[in-house]
2 protein chains.
Amino acid sequence: MRKYEFISNEIRKRIQEKYYSADQPIPDELSLAKEFSCSRMTMKRALDILVSEGMLYRKRGHGTFIVKSSIQNIPVSVTDKENLGLTKLLVGKQIESNIIQFDVEFPTDQVARQLSIEKRVPVYHIIRLRKVEDEPYVIEETYMPSNLISELTEDVLHDSIYRHITETLNLKIAGSHRKIRADKSSDLDQRYLECADDDPVLEVEQIAFLNTGEPFEYSFARHRYDKFEFSSVHIRK
Amino acid sequence: MRKYEFISNEIRKRIQEKYYSADQPIPDELSLAKEFSCSRMTMKRALDILVSEGMLYRKRGHGTFIVKSSIQNIPVSVTDKENLGLTKLLVGKQIESNIIQFDVEFPTDQVARQLSIEKRVPVYHIIRLRKVEDEPYVIEETYMPSNLISELTEDVLHDSIYRHITETLNLKIAGSHRKIRADKSSDLDQRYLECADDDPVLEVEQIAFLNTGEPFEYSFARHRYDKFEFSSVHIRK
DNA sequence: TAGTGGTCTAGACCACGTA
DNA sequence: ACGTGGTCTAGACCACTAA
């Protein structure tokens, strides 16, 4: 366990358990560094994590304070904690994946460009309906280059593509770029998400990268507008 | 100018100008530190910024590499760079604000809770239509505690609330929590955004904080679905 | 084994806010 | 003047990767 992570977790626990008064600054960095037997840089790094989570804020020349609203708000962010698929996001819930389409094809210009591949490299083209607790939740249309993501089978699609990538293929996911927009529901949306003609959907377009810098996924996730919202925390530097 | 910011900007420029080959790692941290006459920690911090922007990625034991797709994709993110209002986001464009409503009232339970204030503290309740280049762009409904944000006038609302807060009141904005969702357009949306009955809207709910930790804004921004999307970059730690 | 990035130290000085 | 956080240094050792 890294020292700064251990300390960060400890301080987070203390805040949640109201060990520190929310009306006063928490102890200064040097005192905390002494308490945890670390350098001030390491202490600062531990606190940085909590600042980036929106749990603490600093005032130069004054001290480090608890963001009061952070104590009750538990689920700070979908965005910043995970870009793992549904499977990890909703642990404990019963998740089911219906395969609507599963093809291999040559990419369109747009798909080839987003995945940074040549047009002659085949891509998987997958459309899945994900259900949570038997309720339709999201339709995911996914493109993945076949040379990068191998051994994709229907079994994998029913389980979790992310698990296949990280555990079976042993690849490492580095991050993703996302765009979020509203759209009118298409016939496909209405059929599978069981939504009304005039129900909108929330679409998340995503390009995900391996730690090699290679894009391995270009996807469109279309969510029922009444069952999903996207959360993010923004801290100014 | 902070040293790590200067270095970070310099490396970013080099990447954009293809000074470094995208097929090879950029020079190692120690060499770069020597070139910029700084410590390795400072060099690492400069590179951290570019990693968090999705421009570089690292492989331990191997080197630091350029994310190829980052070179052409210029506007990486609305999310991570700014939570300043429209005024700063769309510099150079002609922006107009029409005031639809401007009241002071006692907050509802929900508004009081989100702003962490007592129900007896009056709040400004503002609804504005923001136009960009004469086209309707977004309807913003905003609640601000009157004890925190003072001297709010129609002149300010026509200009920029953020400028008033940072420049006139000299307060510092620390960050915000946001939720993004799709919704059906309301009568108000249709009237002012000039959208059709069945056009959806993209709603961004935001609580913004000062560096004192106090929430100063609780707002709902409703965007035309065909004119706005929300971008974010996610890097796994 | 050599070279890379990841963590950590024990200091230093600076910038800012309060008294 | 003092105490706070912000930046920066010049090292050290560790973890991982490739040759």
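Worth saying up front: this structure is predicted, and the values here are computed from it rather than measured. Quick note on labels: first sequence line is chain A, next is B, and so on, each numbered from 1.
One atom, CG of B:Leu47, and another, P of C:dG5, lie 8 Å apart when rounded to the nearest Å. Rounded to whole Å, atom P of D:dA15 lies 14 Å from atom NZ of A:Lys3. Between the CD atom of A:Glu29 and the P atom of C:dA12 there is a distance of 17 Å, rounded to whole Å. Between B:Asp48 atom CG and D:dT7 atom C1' there is a gap of 14 Å when expressed in whole angstrom units. Note: CG (A:Leu32) to P (D:dT4) measures 11 Å, nearest angstrom. Look at CE on A:Met1: it is 11 Å from P on C:dC8, rounded to the nearest Å. For the pair B:Asp28 CG and D:dA18 C1', the computed distance is 15 Å after rounding to whole Å. Distance A:Glu5 CD to C:dG6 P: 14 Å, rounded to the nearest Å.
Between A:Lys34 and A:Asp28 there is no salt bridge, since none of the side-chain N atoms of the basic residue sits less than 4.0 Å from a carboxylate O of the acidic one. A salt bridge is absent between A:Arg113 and A:Glu118; no separation between the charged side-chain nitrogens and carboxylate oxygens falls under 4.0 Å. At a threshold of 4.0 Å, the pair B:Glu29-B:Arg58 counts as salt-bridged, since one of the basic side-chain nitrogens sits closer than that to a carboxylate oxygen. The pair B:Glu53-B:Arg12 meets the salt-bridge criterion, since a charged nitrogen lies less than 4.0 angstrom from a carboxylate oxygen.
Residues passing the side-chain contact (heavy atoms from CB on, under 4.5 Å) test with A:Lys179, sequence neighbours excluded: A:Arg181, A:Glu205, B:Glu229, B:Ser231. By the side-chain contact (heavy atoms from CB on, under 4.5 Å) test, A:Thr142 pairs with A:Ile126, A:Glu140, A:Met144, A:Glu217, A:Ser219, sequence neighbours left out.
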Which donor-acceptor pairs under 3.5 Å do side chains of residues 146-156 of chain A form with protein atoms, sequence neighbours excluded?
from	atom 1	to	atom 2	distance (Å)
A:Ser146	OG	A:Pro122	O	2.8
A:Thr153	OG1	A:Asp155	N	3.4
A:Thr153	OG1	A:Val156	N	3.3

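Between B:Tyr4 and D:dC8 there is no side-chain polar atom (N or O) within less than 4.0 angstrom of OP1 or OP2.
Residues B:Tyr137 and B:Arg130 bring no donor and acceptor atom of their side chains to less than 3.5 Å of each other. With hydrogens and angles left out, the side-chain atoms of A:Tyr124 and A:Glu105 include no donor and acceptor closer than 3.5 Å.
Here CG of B:Leu47 is found 10.5 Å from CZ of B:Arg40. Values are rounded to the nearest 0.5 Å.
In this structure, B:Lys59 forms a cation-pi arrangement with B:Phe65, its terminal cationic atom sitting closer than 6.0 Å to the ring centre and no more than 45° off the ring axis.
One end of the helix from C:dT1-D:dA18 to C:dT18-D:dA1 points its axis 10° away from the other end's axis, with each axis taken from 5 pairs and the angle rounded to 10°.
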Every protein N/O lying under 3.5 Å from an N/O of nucleotides 17-19 of chain C:
from	atom 1	to	atom 2	distance (Å)
C:dG17	OP1	B:Lys172	NZ	3.2

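Annotation: proximity of residues 38-46 of chain A to DNA chain D (heavy atom, distance under 4.0 Å) is found for A:Arg40, A:Met41, A:Lys44, numbered in ascending order.
A:Ser31 comes within 4.0 angstrom of nothing in the nucleic acid, heavy atoms only.
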